[in-house]
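Below is a structure I'd like to ask you about.
What you see is a predicted model, and the numbers here were worked out from it, not measured in a lab.
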Amino acid sequence: MPNTPSSPPPSKKQSPTSRNITPHINNNLPFPSSSSFVIRSPIPLSYGFGFTFAFVALTLFFLSNNYNYQASYSYHNRSHFPTLFSLFFPITRSPENDSQKISNSSLDEIPSIKGVKEEGKVGTHGVLSKRESDELKQSKGDLLDLLNFCDIYNGSWVRDDSYPLYQGGSCPHIDEQFNCFLNGRREKKYENFRWKPYGCNIPRLNGRELLELLRGKRLVYVGDSLNRNMWESMVCILRNSVEDKSKVFEASDRHEFRREDSYSFVFPDFNCSVEFFRSPFLVQEWEMTRMNESQKSTLRLDLVDRASDSYKSADVLVFNTGHWWTRGRTSRGKGYFQEGSHIYGKLNVIEAFEKAMMSWARWIDANIDPVKTLVFFRGYSPAHFRGGQWNSGGQCDSESEPIKNMTYLSKYPQKMRVLEGVMKGMKTPVIYMNITRMTDYRKDAHPSIYRKQNFTEEERPSQIRFQDCSHWCLPGVPDTWNELLYIQLLIKHNKEQQRQH
């Protein structure tokens with residue numbers, strides 16, 4: 001089984017407040033006797049007064065320009081005068097500034113995750129190298145900056161040959177639909193990109209550390225096939241980090257993940273599970289019996305998914321919905337949406353979406369304990385059909401590079417603006433993973449024609465006509481979504497550790 005490539009060493013950026021400048025004092029020099037201070041003539045006296053006046057004036061100047069003292073700690077803006085005077089007149093900075101700037105030394109004091117040591121931690125390649133260990137330490141330093149100063153969803157994709165997080169073809173738990181490697185895609189440049197936010201670096205996902213964060217817990221994905229895409233990605237990332245991969249299994253011993261409504265992978269060495277519940281709308285698909293005893297399908301905007309009781313006690317919940325609201329009878333809104341016993345003859349899909357999200361939000365507020373459960377909502381994942389839609393000849397098989405000019409990105413979905421408004425009114429905290437724009441760049445990473453391993457002669461024409469430009473190859477873009485999820489879990493863990501200390 002191929003090993004995950006080791007990550008590149010982190011850049012050695014030093015925090016502006018992390019350099020401690022300690023004056024060197026030579027204690028072996030003889031202290032001058034009192035007679036050396038006796039002034040014996042008027043000329044030296046005038047020189048003495050002049051030197052004292054100049055010294056006091058310069059000291060007051062540097063004290064009044066406090067920013068110069070702080071700037072002296074920067075590699076690119078060094079001034080030795082403030083440092084020199086600070087040896088004699090230490091400057092006290094305000095607690096407000098201290099709260100905004102955290103030194104590397106304080107971050108090193110953040111306790112490691114239980115069961116994971118900085119040195120000698122078992123990873124994909126056995127014992128972590130010093131480079132990997134240094135990367136983990138650097139990630140701690142980045143976390144608080146990420147939390148306070150950096151929008152991790154605003155950035156660009158950069159080429160990084162240390163990616164992907166696991167090799168194509170190495171994970172047996174990827175559905176054929178997403179397994180572009182086994183389906184014959186030989187151009188693999190799309191795997192060698194990482195997400196780089198503007199103004200900060202995000203730590204590379206360390207599967208072993210994430211398993212420790214999930215020890216004794218349930219991580220549950222709820223939503224449509226795009227969340228199944230993300231769930232399979234997480235299963236493969238975590239499986240790649242365990243030594244005995246035979247211990248990773250689906251709880252019901254299932255090997256195909258499209259037919260059932262729920263699945264659960266178990267990691268027994270960590271007593272944790274990674275689960276998926278199919279719920280494309282997050283509210284109930286409903287069957288009504290008409291007066292002539294025929295069945296009518298509707299969407300109950302006022303009732304959440306039937307399986308909700310099965311996952312409401314999970315430790316981490318990741319929800320999504322979106323694509324199923326853009327097609328067929330849902331987008332037309334005629335005689336499909338229902339509240340109580342009332343079926344709307346015609347209801348705008350945006351209004352219906354808002355009603356459904358309000359029902360979801362009320363359920364979250366009524367059933368989720370925010371002390372126990374961390375709730376995420378992953379935003380809309382754009383499709384990249386060119387020349388049609390998924391069922392009308394839309395294509396993306398010729399794409400081999402991400403979009404580089406943001407003017408070619410899609411307009412931000414109105415449904416996600418509706419969702420943001422709903423979340424603002426909730427009492428339960430929900431972390432919104434706004435991956436829409438960052439994902440929109442990646443027109444190169446869809447399965448396209450590589451959605452199936454073997455086509456029959458009858459199916460061959462449909463390989464070109466019916467391409468998949470909605471879902472994502474694995475390894476691929478959903479791995480990055482999970483890296484951003486991992487960052488939030490690390491931040492939460494570090495906050496808890498700091499409160500305990």
Quiz prompt | Spacing of Cys473 atom SG and Asn183 atom CG [to the nearest 0.5 Å] | solution =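 Answer rounded to 0.5 Å: 8.5 Å.
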Self-check item: Contact list for residues 192-213, test ring pair (Phe, Tyr, Trp, His ring centres under 6.0 Å), sequence neighbours left out
Solution: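 Listed once each, the pairs are Trp157-Trp195.
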Quiz item: Would a distance-only check, ignoring hydrogens and angles, find a side-chain to backbone donor-acceptor pair under 3.5 Å from Glu250 to Ser252?
Solution: yes
Self-check item: Closest non-hydrogen atom pair, Phe178 against Ser225
Solution: CZ-O, 4.0 Å
Quiz prompt | Ionic contact status for Asp175 with Arg228, cut-off 4.0 Å | solution = yes
Self-check item: Asn206 side-chain N/O to Glu209 backbone N/O, donor-acceptor pair under 3.5 Å
Solution: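 Yes, Asn206 side chain to Glu209 backbone: donor-acceptor pair under 3.5 Å.
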Quiz item: What do the steps show when you test Trp481 against Ser381 for side-chain contact (heavy atoms from CB on, under 4.5 Å), and what is the final call?
Solution: CA-CA 10 Å; Trp481 300 346; Ser381 170; 3.7 Å; yes
Exercise. List the atom of Gly223, the atom of Leu282, and the distance in Å for their closest heavy-atom pair.
Key: CA-CD2, 4.3 Å
Quiz prompt | Distance under 6.0 Å and angle within 45° of ring axis: Arg186 vs Phe181 | solution =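 Judged by the rule (NZ or CZ under 6.0 Å from the ring centre, within 45° of its axis), Arg186 counts as positioned above Phe181.
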Exercise. Any chance you could lay out the side-chain contact (heavy atoms from CB on, under 4.5 Å) test for Glu287 and Ser297, step after step, and finish with the verdict?
Key: CA-CA 5 Å; Glu287 292 286 340; Ser297 298; 2.9 Å; yes
Quiz item: Quick check, are the ring centers of Tyr221 and Phe276 under 6.0 angstrom apart?
Solution: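 They do not qualify: ring centres at least 6.0 Å apart.
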Quiz item: Do Arg215 and Glu212 meet the salt-bridge criterion of a basic N to acidic O distance under 4.0 Å?
Solution: yes
Practice problem: Check Thr330 against Val349 and note the closest heavy-atom contact, atom names and distance. | Solution: O-CG2, 3.5 Å
Quiz prompt | Lys/Arg cation over aromatic Tyr190: Arg185, 6.0 Å, 45° cone | solution = yes
Quiz item: Side-chain contact, heavy-atom cut-off 4.5 Å: Leu474 with Cys236?
Solution: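 With C-beta onward as the side chain, the pair stays apart.
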Self-check item: Taking every non-hydrogen atom, the tightest pair across Val304 and Ser308
Solution: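 Closest heavy-atom pair between Val304 and Ser308: CG2-OG, 3.7 Å.
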Exercise. Identify the heavy atoms of Ala314 and Val220 that sit nearest to each other, and give their distance.
Key: CB-CG2, 3.6 Å
Quiz item: Can you list every disulfide (SG to SG under 2.5 Å) pair that touches residues 403-435, not counting sequence neighbours?
Solution: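 Every pair satisfying disulfide (SG to SG under 2.5 Å) with a residue in residues 403-435: there are none.
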Quiz item: What is the distance from atom CG of Leu210 to atom CZ of Phe270, rounded to the nearest 0.5 Å?
Solution: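 It comes to 10.0 Å.
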Quiz item: Are Lys355 and Asp302 close enough, and set up right, to give a salt bridge (Lys or Arg N to Asp or Glu O under 4.0 Å), and what steps lead you there?
Solution: CA-CA 7 Å; Lys355 288 177 178 292; Asp302 54 337; over 6 Å; no
Quiz item: With a 4.0 Å cut-off, would you call Glu285 and Arg300 a salt bridge?
Solution: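 Salt bridge flag = no for Arg300 with Glu285.
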Quiz item: Does the side chain of Val318 come within less than 4.5 Å of Val222's, by heavy atoms?
Solution: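 Contact flag for Val222/Val318 side chains = no.
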Exercise. Please test Glu401 against Lys189 for salt bridge (Lys or Arg N to Asp or Glu O under 4.0 Å), starting from the C-alpha separation and ending with a verdict.
Key: CA-CA 8 Å; Glu401 293 285 340; Lys189 288 191 300 182; 2.9 Å; yes
Quiz item: Any side-chain donor-acceptor pair under 3.5 Å between Arg386 and Ser398?
Solution: yes
Practice problem: Examine the side chains of Ser470 and His446 and answer whether a donor and an acceptor come within less than 3.5 Å of each other. | Solution: no
Quiz item: CG/Leu211 to CG/Leu238 distance, rounded to the nearest 0.5 angstrom?
Solution: 4.5 Å
Practice problem: Using distance alone, with no hydrogens and no angle criterion, decide if Thr321 and Trp325 have a side-chain donor and acceptor under 3.5 Å apart. | Solution: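 Judged by distance alone, the side chains do pair up.
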Self-check item: Donor-acceptor pair, side chain of Asp224 and main chain of Pro280, under 3.5 angstrom
Solution: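 Not confirmed, Asp224 side chain does not pair with Pro280 backbone.
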Quiz item: Looking only at atom types and distance, does a side-chain atom of Thr373 sit under 3.5 Å from a main-chain N or O of Pro370, one as donor and one as acceptor?
Solution: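 No, the answer is negative, given that no donor and acceptor are paired below the 3.5 Å cut-off.
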Practice problem: Could you tell me whether the side chain of Thr439 and the main chain of Thr436 form a donor-acceptor pair under 3.5 Å? | Solution: no
Quiz item: With no hydrogens and no angle check, is any side-chain donor or acceptor of Ser264 less than 3.5 Å from a backbone partner on Glu275?
Solution: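 It does not hold such a pair.
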Quiz item: Taking Gln177 for the side chain and Asn179 for the main chain, is one N or O donor matched with an acceptor at less than 3.5 Å?
Solution: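 No.
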Quiz item: If you draw the axis of the six-membered ring of Trp324, does the NZ or CZ of Arg278 fall within 45° of it and under 6.0 Å from the ring centre?
Solution: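 Verdict for Trp324: a cation-pi partner in Arg278.
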Exercise. Would you kindly say whether Asp160 and Asn192 are connected by a side-chain donor-acceptor distance under 3.5 Å?
Key: no
Exercise. Determine the sole option in Lys217, Arg218, Lys372 for which the salt bridge (Lys or Arg N to Asp or Glu O under 4.0 Å) test with Asp315 is passed.
Key: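 For Asp315, the salt bridge (Lys or Arg N to Asp or Glu O under 4.0 Å) test succeeds with only one of Lys217, Arg218, Lys372, which is Lys372.
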Quiz item: Does any non-hydrogen side-chain atom of Leu485 lie less than 4.5 Å from one of Met234?
Solution: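 The answer is yes, as the side chains (C-beta and beyond) meet within the 4.5 Å cut-off.
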Exercise. Can you tell me which residue pairs pass the disulfide (SG to SG under 2.5 Å) test with a partner in residues 301-330, sequence neighbours excluded?
Key: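 As it turns out, there is no disulfide (SG to SG under 2.5 Å) pair with a partner in residues 301-330 once direct neighbours are skipped.
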Quiz item: Between atom SG of Cys180 and atom CG of Asp468, what is the distance when rounded to the nearest 0.5 Å?
Solution: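 Separation between the atoms: 8.0 Å.
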Quiz item: salt bridge (Lys or Arg N to Asp or Glu O under 4.0 Å): which pairs involve residues 478-493, sequence neighbours left out?
Solution: Lys492-Glu496
Quiz item: Are Ser162 and Arg204 close enough that a side-chain donor and a side-chain acceptor fall under 3.5 Å?
Solution: yes
Exercise. Assess whether side chain to side chain donor-acceptor pair (under 3.5 Å) is satisfied between Glu232 and His173, documenting all intermediate values.
Key: CA-CA 7 Å; Glu232 290 183 22; His173 308 308; over 6 Å; no
Exercise. Carefully, step by step, assess Phe281 and Trp360 under the rule ring-ring contact (aromatic ring centres under 6.0 Å, His included).
Key: CA-CA 10 Å; Phe281 298 103; Trp360 170 81; over 10 Å; no
Exercise. Go through Trp472 and Leu226 one step at a time and tell me if the side-chain contact (heavy atoms from CB on, under 4.5 Å) criterion holds.
Key: CA-CA 8 Å; Trp472 303 95; Leu226 273 300; 3.8 Å; yes
Exercise. Apply the test side-chain contact (heavy atoms from CB on, under 4.5 Å) to residues Trp363 and Asp305: give CA-CA distance (whole Å), side-chain angles for both, the deciding distance (0.1 Å), then the verdict.
Key: CA-CA 10 Å; Trp363 180 87; Asp305 177 51; over 6 Å; no
Self-check item: Residue Lys247 excluded, over 12 heavy atoms near NZ under 6.0 Å
Solution: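 Open: at most 12 neighbouring heavy atoms sit under 6.0 Å from NZ of Lys247.
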Side chains of residues 423-435: which donor-acceptor partners sit under 3.5 Å, not counting sequence neighbours?
{"unit_1": "Thr428", "atom_1": "OG1", "unit_2": "Asp365", "atom_2": "OD1", "d": "2.8"}
{"unit_1": "Tyr432", "atom_1": "OH", "unit_2": "Tyr412", "atom_2": "OH", "d": "2.7"}

Quiz prompt | Selection residues 428-448 - residue pairs positive for salt bridge (Lys or Arg N to Asp or Glu O under 4.0 Å), sequence neighbours left out | solution = Glu399-Lys443, Arg442-Asp444
Quiz item: So, do Ile350 and Phe353 sit near enough that their side-chain heavy atoms are less than 4.5 Å apart?
Solution: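 Counting from C-beta outward, Ile350 and Phe353 never come under 4.5 Å.
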Quiz item: Between the side chains of Ser233 and Asn482, does any donor sit under 3.5 Å from an acceptor?
Solution: yes
Self-check item: Phe319 to Asn227 - nearest heavy-atom pair and separation
Solution: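 Looking at all heavy atoms of both residues, the closest pair is C-ND2, 3.7 Å.
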